**Q** 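One structure, pasted below without further comment.
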Number of protein chains: 2
Amino acid sequence: MARAAKQAKNSVADKREAILRAGVKVFAAKGFFNSKVADVAKEAGVADGTVYLYFKGKDDILHSIFDRAMAEFIADGRRELERSDDPADQLAKIADVHLSRLGADRSLAVVFQIELRGSTKFMEAFSAAAFAEYLEIIRKTIESGQKSGVFRSDVKPIIAAKMFYGALDEMVTNWILSKKPYPLEPLAGEVVKVFLGGLKA
Amino acid sequence: MARAAKQAKNSVADKREAILRAGVKVFAAKGFFNSKVADVAKEAGVADGTVYLYFKGKDDILHSIFDRAMAEFIADGRRELERSDDPADQLAKIADVHLSRLGADRSLAVVFQIELRGSTKFMEAFSAAAFAEYLEIIRKTIESGQKSGVFRSDVKPIIAAKMFYGALDEMVTNWILSKKPYPLEPLAGEVVKVFLGGLKA
DNA sequence: GGTAGGTGAATGAATGCTCATTCATAAAAG
DNA sequence: CTTTTATGAATGAGCATTCATTCACCTACC
């Protein structure tokens, strides 16, 4: 590829990227339905019409934000998972990736926790499959722990997986809504401790 | 009060009630932002303008749905809580009320799980205080368990409370999004079992 | 007991504003 | 000069909210 062409292609990618980033920021700040396409365009430093050269419409921006982030998220999780055989360890890794990724980008976290759920339509159409995949990773990890005997077997793995996910999810939601800023990632250890050991003395 | 006057007052309460119920149904089905006030009015069997005799506007309907349901919810929880001294038992009661109440009204559950969170504005303005109160009830229960020695003390009660809430919350969200209908309430026992006993063998 | 006037709840068509989207035109690239 | 990319003003559909009017029922007076 010639240098010039590559340059051009980069600038195209950059503009798309800028709009996506602006979308995250604006949607997080005002909510998807309260955000105007013009707001996103302005934040991205492009004209209103330009948005439509890169996205089908407002919905498509949200959709794209989700697709990209979720793909990274799952890839990250899988990579970490392969670096250990111990299911307890693997759950700790999942918790860590979950909280550190979302903890690193508050706006993205807001879009994920609040905006993506704000409509059953989006939940059903976009997030359902990817979310199911994520839950499945947790479930399998728990199941393998049960097979190897490190986890108790009188618990349905799918229930435990939902609980684990729910606990992590709640940490993130609380972190977002909290007035006082604090680091999210360190909570991973505590969550895993309680989840594995239980609350009983 | 004369019979006629009483009759009239009842019909006023009924109309407000009808609009609230219609709101739950319509918002659950189409999402708050995709619902028209006219849809709610039609579902309630009143004219569009009538809605404004009972509510300040569309937002106020959602707000009122939340207020009423949350008040009932918390009152229910408190009542159950007083019927036992054992913290483990009390957590079981909370889980039971939580899952049975939402499990009894799918539309209300959808509004609570999906629509109320659909906007940071609503989260901050309306639900924050009531939600904090609910979380506080759980936290205190856990704390009293720690003081009496039935719960381990090397866990921050507020973290454990969020985990417990998050786990229950996730059960509800999954139940809503599931294609296959199943009873929600029975999951309470399983959740409490894992939360108290832990996943480790 | 019947009639006239009064009251306010209820109506729903009309209003006016808010955006998502388009497109004629301009700028930049090649 | 041609093609590609970008612009932002103009469009018009959608929808929350308003308000002039209707109507059911109540009260007071004959």
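Keep in mind it's a predicted model, so treat the numbers as computed, not measured. So that the names make sense, note that chain A is the first sequence line, chain B the second, and so on, each numbered from 1.
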**Q** Report yes if a side-chain nitrogen or oxygen of Y52(B) is closer than 4.0 Å to either non-bridging phosphate oxygen (OP1 or OP2) of dT11(C); otherwise report no.
**A** no
**Q** Round to the nearest Å and state the distance from F33(A) atom CZ to dG14(D) atom P.
**A** 16 Å
**Q** Can you tell me if D154(B) has over 12 outside heavy atoms packed within less than 6.0 Å of its CG?
**A** yes
**Q** So, the side chain of K58(B) versus the backbone of S35(B): is there a donor-acceptor pair under 3.5 Å, distance only?
**A** yes
**Q** Classify the ring geometry of F27(A) against F32(A): parallel below 30°, tilted from 30° to 60°, perpendicular beyond 60°.
**A** perpendicular
**Q** Write down the distance between CG (D48(B)) and C1' (dC19(D)), rounded to a whole number of angstrom.
**A** 13 Å
**Q** Can you tell me how far P of dA10(C) sits from OH of Y54(B), to the nearest Å?
**A** 3 Å
**Q** Check whether the side chains of H63(B) and D67(B) place a donor and an acceptor atom closer than 3.5 Å, and report yes or no.
**A** yes
**Q** Please check the phosphate of dT18(C) (OP1 and OP2 only) for any side-chain N or O of K36(A) closer than 4.0 Å.
**A** no
**Q** Counting just side-chain N and O atoms, does K58(A) come under 4.0 Å of either OP1 or OP2 of dT21(C)?
**A** no
**Q** Keeping the roles fixed (side chain from E190(B), backbone from K156(A)), state whether a donor-acceptor pair exists under 3.5 Å.
**A** yes
**Q** Just how far, in rounded Å, is C1' of dT18(D) from CZ of F55(B)?
**A** 18 Å
**Q** Are more than 12 heavy atoms from other residues, nucleotides or ligands located less than 6.0 Å from atom NZ of K25(B)?
**A** no
**Q** Expressed as a whole number of angstroms, how long is the span from N34(A):CG to dA16(D):P?
**A** 13 Å
**Q** Starting at CZ of F32(A) and ending at C1' of dA20(C), how long is that distance when rounded to a whole Å?
**A** 11 Å
**Q** With 3.5 Å as the limit, what N/O pairs link the protein to nucleotides 15-17 of chain C?
**A**
none

**Q** As a test of reading the structure: which of dA20(C), dA16(D), dT7(D) is closest to the side chain of V37(B), going by heavy atoms?
**A** dA16(D)
**Q** From CG of D59(A) over to P of dC19(C), roughly how many Å is that when rounded to an integer?
**A** 16 Å
**Q** Under the salt bridge (charged side-chain N to carboxylate O under 4.0 Å, His left out) test against R101(B), which residue among E185(B), E72(B), E80(B) passes?
**A** E72(B)
**Q** Across the strands shown, which category fits V46(A) at heavy-atom distances under 4.0 angstrom: base, sugar-phosphate, nothing?
**A** sugar-phosphate
**Q** Which listed nucleotide (dT11(C), dA9(D), dT5(D)) is nearest to the side chain of T50(B)?
**A** dT11(C)
**Q** For K42(A) and dT7(D), what is the distance between atoms NZ and P respectively, to the nearest whole Å?
**A** 15 Å
